[in-house]
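Contents: one structure, followed by commentary.
If you're wondering where the values come from, they're calculated on a predicted model, not measured in any experiment.
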Amino acid sequence: MIQSLQPFIKKTLLFSFIVAAVIAGIQYFFSEKNLLLKQIWVFFIFFNLITLFTFALSAYGLKKGGETSVLAVLVTIVVKMLLCMSVALVFIMKQMVEDKWVFITNFFLLYLLYTVFEVYNLIYNLRDQKKLENR
């Protein structure tokens with residue numbers, strides 16, 4: 001199982017490095033403006049971990065094949081969405097953020113970036129599986 005995740009882990013590290021560089025650049029060049037949260041790095045790590053976890057579950061479901069694969073992908077995407085919404089709700093309700101609009105844009109931009117990255121890699125894996133089945 002770990003062997004099949006190594007390409008995704010490498011891609012995730014590269015993608016995360018790019019996202020971290022963009023965040024650091026925004027913090028450096030636009031430090032006087034309130035564009036990023038203080039907790040942006042906590043959310044960055046959270047999305048890295050949750051993406052690795054949900055991709056591993058999805059990949060496991062895809063290996064089983066059949067209806068299980070579709071169900072596994074859909075369930076992991078929904079679980080990721082609900083978990084992220086719950087974290088966002090807790091932060092907003094507990095007043096842990098100063099500016100709610102900055103929080104919403106930062107949090108959901110990271111959510112969107114990592115979800116698109118994960119879905120793209122899942123589709124890429126499905127395409128590779130179809131090629132192997134057609135041989």
Side-chain angles (χ1 to χ4, degrees):
M1 180 73 177
I2 301 272
Q3 296 292 337
S4 64
L5 290 178
Q6 281 183 344
F8 179 73
I9 292 171
K10 288 178 184 177
K11 290 176 188 175
T12 303
L13 288 174
L14 177 64
F15 180 74
S16 296
F17 178 76
I18 293 168
V19 172
V22 170
I23 291 171
I26 291 171
Q27 282 182 331
Y28 180 76
F29 291 112
F30 301 104
S31 60
E32 68 277 349
K33 295 181 181 176
N34 191 18
L35 296 177
L36 295 176
L37 294 168
K38 294 177 191 172
Q39 303 96 337
I40 191 73
W41 295 110
V42 173
F43 293 131
F44 173 76
I45 292 168
F46 169 75
F47 280 110
N48 276 301
L49 294 175
I50 195 85
T51 299
L52 287 172
F53 177 71
T54 56
F55 185 84
L57 289 177
S58 296
Y60 178 73
L62 289 174
K63 293 275 186 219
K64 285 195 166 195
E67 290 180 20
T68 307
S69 63
V70 174
L71 185 63
V73 171
L74 291 175
V75 165
T76 55
I77 289 173
V78 169
V79 165
K80 179 181 180 179
M81 181 184 67
L82 291 174
L83 183 63
C84 291
M85 296 292 177
S86 300
V87 169
L89 184 65
V90 167
F91 267 81
I92 290 173
M93 297 302 281
K94 295 281 186 180
Q95 311 248 335
M96 299 170 106
V97 292
E98 296 157 5
D99 188 356
K100 290 181 183 168
W101 289 109
V102 171
F103 169 76
I104 289 170
T105 56
N106 287 189
F107 190 84
F108 288 106
L109 187 60
L110 283 174
Y111 171 79
L112 181 66
L113 283 171
Y114 278 95
T115 301
V116 167
F117 175 74
E118 180 183 358
V119 169
Y120 173 78
N121 281 289
L122 286 170
I123 291 171
Y124 186 79
N125 283 354
L126 281 173
R127 195 174 3 171
D128 285 348
Q129 276 187 342
K130 286 289 185 192
K131 285 180 184 177
L132 291 175
E133 289 175 5
N134 290 334
R135 287 185 182 177

Could you state the interatomic distance from [atom1] ([X]) to [atom2] ([Y]), rounded to the nearest 0.5 Å?
X: Y111; Y: F47; atom1: OH; atom2: CZ; result: 8.0 Å
X: F117; Y: L113; atom1: CZ; atom2: CG; result: 10.5 Å
X: N121; Y: Y124; atom1: CG; atom2: OH; result: 9.0 Å
X: L71; Y: T76; atom1: CG; atom2: OG1; result: 9.5 Å

Shortest non-hydrogen pair, V73 vs S58, comes out as CA-OG, 4.0 Å
What are the two closest heavy atoms between A72 and L57, and how far apart are they?
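Minimum heavy-atom separation between A72 and L57: CB-O, 4.4 Å.
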Using the rule given for side chain to side chain contact (heavy atoms under 4.5 Å, CB included), can you reason through F44 versus N48, listing the C-alpha separation, both sets of side-chain angles and the distance that settles it, and then say yes or no?
CA-CA 6 Å; F44 173 76; N48 276 301; 3.4 Å; yes
Donor-acceptor pairs under 3.5 Å, side chain of residues 32-40 to any protein atom, not counting sequence neighbours: which ones?
unit_1: K38; atom_1: NZ; unit_2: E98; atom_2: OE2; d: 2.6
unit_1: Q39; atom_1: NE2; unit_2: M96; atom_2: O; d: 2.9

Should side-chain heavy atoms under 4.5 Å link Ile, Leu, Val, Met, Phe, Trp and Tyr, which residues sit in the same cluster as V116?
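Besides V116, the hydrophobic cluster comprises L112, listed by chain and residue number.
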Among Ile, Leu, Val, Met, Phe, Trp and Tyr joined by side-chain contacts under 4.5 Å, find the other residues sharing a cluster with F17 and list them by chain and number.
none
Any link between [X] and [Y] through a network of hydrophobic side chains (Ile, Leu, Val, Met, Phe, Trp, Tyr) touching at under 4.5 Å?
X: L13; Y: L49; answer: yes
X: F30; Y: I18; answer: no
X: V22; Y: W41; answer: yes
X: M93; Y: I104; answer: no
X: I9; Y: I50; answer: yes

Going by the rule side chain to side chain donor-acceptor pair (under 3.5 Å), which residues pair with T12 if we only count those two or more places apart in sequence or in a different chain?
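So T12 forms no side chain to side chain donor-acceptor pair (under 3.5 Å) with any residue.
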List for me each residue that meets side chain to side chain donor-acceptor pair (under 3.5 Å) alongside N106, sequence neighbours excluded, and say none if there are none.
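With sequence neighbours excluded, N106 shows a side chain to side chain donor-acceptor pair (under 3.5 Å) to no residue whatsoever.
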Would you indicate whether F108, at its atom CZ, is surrounded by more than 12 heavy atoms from other residues, nucleotides or ligands within a distance under 6.0 Å?
yes
Would you sort out whether F55 and Y60 count as a side chain to side chain contact (heavy atoms under 4.5 Å, CB included), showing the intermediate values?
CA-CA 8 Å; F55 185 84; Y60 178 73; over 6 Å; no
Parallel, tilted or perpendicular: ring planes of F107 versus F46, cut at 30 and 60 degrees:
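F107 and F46: parallel rings.
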Angle class for the Y114/F15 ring planes (parallel below 30°, perpendicular above 60°, tilted otherwise)?
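Because their plane-to-plane angle is over 60°, the rings of Y114 and F15 count as perpendicular.
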Sequence neighbours left out, cut at 3.5 Å: what donor-acceptor pairs do the side chains of residues 79-86 make with other protein atoms?
unit_1: K80; atom_1: NZ; unit_2: T51; atom_2: OG1; d: 3.3
unit_1: K80; atom_1: NZ; unit_2: T115; atom_2: OG1; d: 3.4
unit_1: K80; atom_1: NZ; unit_2: E118; atom_2: OE1; d: 3.0
unit_1: S86; atom_1: OG; unit_2: L82; atom_2: O; d: 2.8

